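Predicted model only: the values in this text are computed from it and were never measured. Computation of the quantities below employed the complete heavy-atom set of this structure, encompassing side-chain atoms and omitting hydrogens, waters and symmetry-equivalent molecules.
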Amino acid sequence: MLDDIQKIGVLLTSVGCFFTFLGVILFLDRGLLAIGNVLFLSGVIMVIGPRKTLRFFAQPRKRRGSICFFLGMFLVLMGWVFTGILIEAFGFINLFGDFFPIVLSFLRRLPFIGTFLSFPGIKQLIDKIVSGGCLPV
């Protein structure tokens, strides 16, 4: 079970993802992307704790992803939005790519999304991604 701080962290992470998505949809709006980055990062810290967050970002095999993620955040804050979001996306995939199979396995069990993920073509792609899924923590 999640305690209250972790529940708030999940909310902040979700809202941060929403603001980032909205910032991309609205032609890379700098303000929305910056708010999304701050909310996402603060949500992750609240979900897993400051010490585990620091340990996660400082892992040697995730160092390249961490540098790209934070460099992208910095570039977005400085106004280089397009370059920053590309570098940040590369870092995000390197950092959190291990979680994608677990997320897809969860999404397959949801009523509407699970049906969509069972369509021919999509199902084969998802099967390839999920086949090696184990929890990376």
Side-chain angles (χ1 to χ4, degrees):
M1 293 293 289
L2 298 174
D3 64 0
D4 289 340
I5 292 177
Q6 289 175 323
K7 289 177 186 175
I8 294 170
V10 169
L11 177 69
L12 286 177
T13 303
S14 302
V15 172
C17 289
F18 175 73
F19 270 88
T20 301
F21 174 74
L22 199 59
V24 170
I25 294 298
L26 295 175
F27 303 111
L28 301 175
D29 183 61
R30 176 179 160 192
L32 289 173
L33 290 171
I35 291 170
N37 287 335
V38 170
L39 289 174
F40 177 80
L41 194 58
S42 61
V44 168
I45 292 170
M46 290 180 80
V47 169
I48 63 176
R51 190 170 288 141
K52 286 184 181 178
T53 303
L54 185 60
R55 204 174 331 146
F56 175 78
F57 283 109
Q59 290 177 15
R61 66 184 183 93
K62 297 195 183 274
R63 197 164 289 146
R64 179 179 62 177
S66 298
I67 291 170
C68 289
F69 184 72
F70 289 115
L71 178 65
M73 286 179 68
F74 178 75
L75 289 174
V76 166
L77 291 172
M78 291 297 112
W80 290 64
V81 179
F82 186 73
T83 306
I85 200 71
L86 288 177
I87 293 173
E88 186 178 342
F90 177 76
F92 184 85
I93 291 170
N94 278 303
L95 281 171
F96 300 104
D98 297 340
F99 291 103
F100 292 149
I102 290 99
V103 170
L104 287 173
S105 295
F106 172 74
L107 290 176
R108 281 180 145 175
R109 295 185 207 139
L110 296 177
F112 179 73
I113 298 171
T115 306
F116 175 74
L117 294 177
S118 297
F119 287 159
I122 297 175
K123 183 179 184 335
Q124 287 80 12
L125 178 67
I126 300 298
D127 286 340
K128 285 183 183 179
I129 295 172
V130 172
S131 65
C134 61
L135 196 59
V137 178

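Taking all atoms of both residues into account, the shortest heavy-atom contact from Ala34 to Leu77 is CB-CD2, 3.4 Å. Of all heavy-atom pairs between Val76 and Leu33, the closest is CG1-CB, 3.8 Å. Closest non-hydrogen pair, Cys17 versus Phe40, comes out as SG-CD1, 3.8 Å. Summarising the geometry of Gly43 relative to Leu12, their closest heavy-atom pair is CA-CB, 3.7 Å, with the distance given to 0.1 Å.
Here the CD1 atom belonging to Ile85 is positioned 15.5 Å from the CH2 atom belonging to Trp80, to the nearest 0.5 angstrom. Remark: Thr83 OG1 to Leu75 CG distance equals 7.0 Å, nearest 0.5 Å. Going from atom NZ of Lys62 over to atom SG of Cys68 covers 13.5 Å, rounded to the nearest 0.5 Å. Of the inter-residue distances, the one linking Ile35 atom CD1 with Asp29 atom CG reads 8.5 Å to the nearest 0.5 angstrom. Annotation: the span from Ile67 atom CD1 to Phe57 atom CZ amounts to 12.5 Å, rounded to 0.5 Å.
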Show me the donor-acceptor pairs, under 3.5 Å and distance only, between side chains in residues 106-122 and residues at least two apart or in other chains.
residue	atom	partner	partner atom	Å
Arg108	NH1	Asp127	OD1	3.3
Arg108	NH2	Asp127	OD1	2.3
Thr115	OG1	Pro111	O	2.9
Ser118	OG	Gly114	O	2.9

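Taking the side chain as every heavy atom from C-beta outward, Phe69 and Asn94 never approach each other to under 4.5 Å. Between Phe70 and Leu41 the shortest side-chain heavy-atom distance falls below 4.5 Å.
With a 6.0 Å radius and a threshold of 12 heavy atoms from other residues, nucleotides or ligands, Phe100 has its CZ atom above the threshold.
A distance-only check finds a donor-acceptor pair linking the side chain of Gln6 to the backbone of Val47 [under 3.5 Å].
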Practice task
Kindly determine whether Phe92 and Thr20 satisfy side-chain contact (heavy atoms from CB on, under 4.5 Å), including the steps that lead there.
Solution key: CA-CA 12 Å; Phe92 184 85; Thr20 301; over 6 Å; no
